[in-house]
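Here's the structure, in structure tokens; my notes come after.
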Amino acid sequence: MKITRLLRILSLFGFLLLMAPFYDSCNGERMHRIADANAEATVDSTAVKIDSTLIDSTEICNTEVDIINNSVENFEPSFAEKMYDVIDDDNSENAFEFAKISIDNILEFDYKAFKKDTKKEKDLYKVFFFHLKNFCFVLICIITFLIFIFSFKDSKWRNKLSRLNLILILITVICLFFEGLFETITQIKWGYYAFIITNLLIFYYSRKALNRQNS
């Protein structure tokens with residue numbers, strides 16, 4: 001009875017985790033490199049203006065750095081705001097958003113446009129893994145909902161569906177490394193880890209409940 005109750009809680013928690021931040025496709029090192037390049041270009045252009053006006057460049061650079069540091073200190077977010085950004089990261093996608101991308105692509109599919117784009121695309125495998133990842137999330141959302149439904153019944157389907165969910169999650173992780181957008185581990189958000197751990201627990205306890213039922 002305790003295992004059944006625990007499975008219901010884990011199943012509900014797993015379904016709610018689908019709304020948690022999973023992955024940030026735009027938070028890679030490439031963005032930092034672009035920002036650094038822009039910063040260097042700004043410094044170089046400033047140096048030219050300083051030479052033309054015969055002003056001490058060192059003093060002005062130090063002043064600019066102080067102004068920037070003061071601005072950063074003045075706009076430093078509070079601890080509560082930082083924790084809220086971690087829990088509800090607007091820049092990251094959740095499982096439902098990945099699934100929506102896949103569904104929209106299916107509904108708006110145009111074979112002629114697809115054929116034309118594939119001829120222009122050099123790295124077709126990246127496109128394949130991108131769409132495979134999103135479609136897996138469609139299945140994950142459906143299966144997670146079914147696991148929650150079956151958690152109210154003593155059914156062997158809980159174990160089978162949780163195993164299938166783990167396989168699909170593993171596929172999405174593999175796709176992240178091959179779709180061409182992954183650059184740093186910080187792009188994978190806490191929702192991904194929590195969802196994987198929750199599904200491992202569901203698989204373990206549903207297996208345990210199934211063994212008890214068969215014994």
Side-chain angles (χ1 to χ4, degrees), residues 1-28 79-103 128-179 181-215:
M1 190 66 182
K2 290 182 179 180
I3 294 179
T4 303
R5 192 179 302 163
L6 179 61
L7 281 169
R8 290 173 184 172
I9 295 172
L10 288 173
S11 300
L12 175 60
F13 184 63
F15 183 75
L16 294 175
L17 279 173
L18 294 175
M19 294 180 283
F22 269 55
Y23 182 68
D24 185 359
S25 57
C26 300
N27 189 27
F79 177 76
E81 290 174 334
K82 289 180 180 179
M83 289 302 297
Y84 180 80
D85 290 337
V86 170
I87 296 172
D88 186 18
D89 190 352
D90 293 333
N91 297 322
S92 301
E93 295 86 4
N94 58 42
F96 288 122
E97 289 172 333
F98 283 125
K100 184 179 182 300
I101 293 172
S102 181
I103 293 171
F128 169 76
F129 282 111
F130 174 79
H131 289 293
L132 177 61
K133 177 200 69 181
N134 295 334
F135 182 71
C136 283
F137 273 110
V138 174
L139 299 178
I140 287 171
C141 291
I142 296 172
I143 291 171
T144 304
F145 178 72
L146 290 176
I147 290 174
F148 175 66
I149 297 299
F150 283 116
S151 67
F152 292 92
K153 300 178 181 179
D154 292 329
S155 173
K156 61 182 180 180
W157 281 101
R158 287 180 308 198
N159 185 257
K160 292 182 178 180
L161 290 172
S162 61
R163 183 186 304 172
L164 181 57
N165 231 11
L166 286 172
I167 294 172
L168 290 171
I169 294 168
L170 179 61
I171 293 173
T172 62
V173 173
I174 295 172
C175 290
L176 291 179
F177 293 96
F178 291 98
E179 67 175 359
L181 299 175
F182 182 82
E183 293 181 340
T184 174
I185 196 68
T186 56
Q187 289 177 254
I188 302 177
K189 302 303 179 180
W190 67 270
Y192 225 128
Y193 300 109
F195 188 73
I196 292 172
I197 293 171
T198 302
N199 276 271
L200 284 170
L201 291 173
I202 292 172
F203 175 74
Y204 171 76
Y205 284 109
S206 61
R207 181 83 175 182
K208 195 173 181 180
L210 190 61
N211 291 335
R212 281 189 179 184
Q213 190 177 351
N214 294 332
S215 61

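Atom-to-atom distance recorded for Thr184:OG1 and Asp24:CG is 10.5 Å, nearest 0.5 angstrom. Asn159 contributes atom CG, which lies 11.0 Å from atom CD1 of Ile202 (distance to the nearest 0.5 angstrom). In this structure, the separation between CZ on Phe129 and CG on Leu176 is 11.0 Å, given to the nearest 0.5 Å. Between Leu146 atom CG and Ser162 atom OG the span is 12.0 Å, to the nearest 0.5 Å. Taking CG of Leu164 as the start and CG of Leu139 as the end, the distance is 7.5 Å to the nearest 0.5 Å. One finds the CG atom of Leu161 at 12.0 Å from the CZ atom of Phe203 (value rounded to the nearest 0.5 Å).
Not counting sequence neighbours, Lys160 has no partner by the salt bridge (charged side-chain N to carboxylate O under 4.0 Å, His left out) test.
Using bins of under 30°, 30° to 60° and over 60° for the plane-to-plane angle, the ring pair Phe152/Phe148 lands in the perpendicular bin. Taking the six-membered ring for Trp and thresholds of 30 and 60 degrees, Phe15 and Phe96 have ring planes more than 60 degrees apart, a perpendicular arrangement. The aromatic rings of Phe195 and Phe22 sit tilted relative to each other, their planes meeting at an angle between 30° and 60°.
Counting all heavy atoms, side chain and backbone alike, Lys133 lies closest to Cys175 at CB-CB, 3.6 Å. Ile196 and Leu166 get closest at one heavy-atom pair: O-CD2, 4.3 Å. Of all non-hydrogen atoms in Arg158 and Ala209, the two that sit nearest each other are NH2-CB, 3.9 Å. Residues Ser92 and Glu97 come closest through the heavy atom pair O-OE1, 3.6 Å. Taking both residues in full, the closest heavy atoms of Ala20 and Gly191 are given as CB-CA, 4.0 Å, listed atom of the first, atom of the second, then distance. Closest approach of Cys136 to Thr172, counting heavy atoms only: CB-CG2, 3.5 Å.
For the pair Ile188 and Val173, the minimum side-chain heavy-atom distance is 4.5 Å or more. Taking 4.5 Å as the limit, every side-chain heavy atom of Val138 sits out of range of all side-chain heavy atoms of Asn134. You'll find the side chain of Trp190 reaches within 4.5 Å of the side chain of Leu17, heavy atoms only. Arg207 is listed as a side-chain neighbour of Asn211, based on a closest heavy-atom distance under 4.5 Å.
With Gln187 contributing its side chain and Tyr23 its backbone, the two residues share no donor-acceptor pair below 3.5 Å.
Atom CZ of Phe13 sits in a sparse spot, with 12 or fewer heavy atoms from other residues, nucleotides or ligands closer than 6.0 Å.
The one candidate from Asn165, Asn199, Thr198 that meets the side chain to side chain donor-acceptor pair (under 3.5 Å) condition with Thr144 is Asn165.
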Check against side-chain contact (heavy atoms from CB on, under 4.5 Å), Ile169 and Tyr192: CA-CA 9 Å; Ile169 294 168; Tyr192 225 128; 4.2 Å; yes
Derivation and outcome, side-chain contact (heavy atoms from CB on, under 4.5 Å), residues Leu6 and Leu201: CA-CA 10 Å; Leu6 179 61; Leu201 291 173; over 6 Å; no
